[in-house]
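Worksheet for the structure shown next.
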Amino acid sequence: NTAAEALESEAYKTSLRILGPEHPDTLTRMNNLALLYHQEGKYGEAEPLFKQYAEVTARVRGKAHPETLTAIFNLAYFDRIQGKFAEAESLLLRYLELGPKVNGEEHPETLSAWNSLGTVYRCQGRFADAEKLIGKALAMESRILGPKHPQTLVAQTAQAILYEIEGKDSEAEHLLDQTLDADRRILGSANLSTKTCMTSLARLRLRQHRYAEAETLLREALNGEGANGPNVWDLYDRQSLLGASLMGQGKYAEAEPLLLSGYEGLQKQSPAISVDANLPQAGDRLVQLYTAWGKPDQAGEWRRKLSFAIK
């Protein structure tokens, strides 16, 4: 809350002024403030603090110190959710050079790093690489942490999304249904991984022409989301998908603003978007909308616009 943030911010500034930037108390305050911003969804404020914390901690405590490794892991997370996939990959590979040796191969943070790197590869469209790492993380987390541990569920969601992207619909449907049920109970509907699972299942429902079910899932996933949250491309992707679910039910006027907002948002974020958020497909939905709606002039205008965008 605002009071906690003000107290933590003031404590950090006081420590910085009196003790200096490299004092252990200052570093602890810096990390605490970054974590608080993260919990509040203030990712723009959190990222530079995590970056500074990683740099100073590596200099003061050494590159192989557990706190340095955690700082690198956290920074990789922020790069990933902002679409900085190359930077996230570099940080995670750096982490995995030392993390397993320092913390152990079966340490939860090590396992999460394997899953995170697999997710980065998925976002880049490197599905074979992603499947190896996510599969490895999921098998180990299921065995070590248990099948209902929150970290295991995140990896299970990542595996289910891979199935959906690769067109393995029966495997995807089974795992997405199973995972979403557990996500809602254990992680909660507001959790980012739960929302990602809902979106992937909704995408599958759209392919199955089960538009009303897709709409319900997407409205739940969009609940409480804003343009300042993590994975901003997810917000616009969900808007476009929700528009598609409404279009499939013949609700063209309701679908139009969502399809426009989704496409324009994804275009603005590109190329810092996951391949999950398919920009050309989001554009094609607008052509389909105006064609189905009996508005050939607008359909033609969007065809020309999309053709120009491809060039």
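Computed over heavy atoms, backbone and side chain alike; hydrogens, waters and symmetry mates excluded. Computed from a predicted model, the values in this text were never measured in an experiment.
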Could I get the full list of side chain to side chain contact (heavy atoms under 4.5 Å, CB included) partners for [X], not counting sequence neighbours?
X: Glu105; answer: Pro100, Trp114
X: Ala76; answer: Leu91, Leu92
X: Asn32; answer: Glu8, Thr28

Can you list, by chain and residue number, the hydrophobic cluster partners of [X] when the side-chain cut-off is 4.5 Å?
X: Leu175; value: Tyr163
X: Leu19; value: Ile18
X: Leu145; value: Leu111, Met140, Ile144

Could you report the tightest heavy-atom contact between Glu89 and Val120, atom names first, then the distance?
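Heavy atoms only, the tightest pair is CB-CG1, 4.1 Å.
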Linked, directly or transitively: [X] and [Y] (ILVMFWY side chains, under 4.5 Å):
X: Leu162; Y: Leu204; answer: no
X: Ile161; Y: Leu153; answer: no
X: Leu187; Y: Leu138; answer: no
X: Leu180; Y: Leu242; answer: no
X: Met198; Y: Tyr211; answer: no

Stepwise, does the side chain to side chain donor-acceptor pair (under 3.5 Å) test hold for Thr199 with Arg238?
CA-CA 7 Å; Thr199 304; Arg238 284 194 256 276; 2.5 Å; yes
What residues form a ring-ring contact (aromatic ring centres under 6.0 Å, His included) with Tyr53, not counting sequence neighbours?
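Tyr53 satisfies ring-ring contact (aromatic ring centres under 6.0 Å, His included) with no other residue.
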Got a sec, which residues hit side-chain hydrogen bond (donor to acceptor under 3.5 Å, both in side chains) with [X], two or more places apart in sequence or on another chain?
X: Ser261; result: Gln239
X: Arg205; result: Glu173, Gln208, Glu213
X: Asp183; result: Thr157
X: Tyr95; result: Asn103, Glu109

Quick one: do [X] and [Y] make a salt bridge, cutoff under 4.0 Å?
X: Lys268; Y: Glu264; answer: no
X: Asp181; Y: Arg185; answer: yes
X: Glu220; Y: Lys195; answer: no

Between the main-chain N or O of [Y] and the side-chain N or O of [X], is there a donor-acceptor pair closer than 3.5 Å?
X: Thr291; Y: Val287; value: yes
X: Thr152; Y: Pro147; value: no
X: Ser112; Y: Pro108; value: no
X: Thr119; Y: Asn115; value: yes
X: Ser245; Y: Ala214; value: no
X: Ser270; Y: Leu266; value: no
X: Thr196; Y: Leu192; value: yes

Is it the case that the side chains of Arg285 and Ser240 hold a donor-acceptor pair, with the cut-off being a distance below 3.5 Å and no angle test?
yes
Could you list all the salt bridge (charged side-chain N to carboxylate O under 4.0 Å, His left out) pairs where at least one residue sits in residues 140-153, not counting sequence neighbours?
Glu106-Arg143
Taking atom NE2 of His174 as the centre, does the number of heavy atoms from other residues, nucleotides or ligands within less than 6.0 Å exceed 12?
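Counting neighbours around NE2 of His174, 12 or fewer heavy atoms of other residues, nucleotides or ligands fall under 6.0 Å, so no.
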Quick check for you: to the nearest 0.5 Å, what is the distance between Leu176 atom CG and Gln156 atom CD?
9.5 Å
Point-to-point distance, once rounded to the nearest 0.5 Å, from CZ of Arg304 to CG of Leu306
11.0 Å
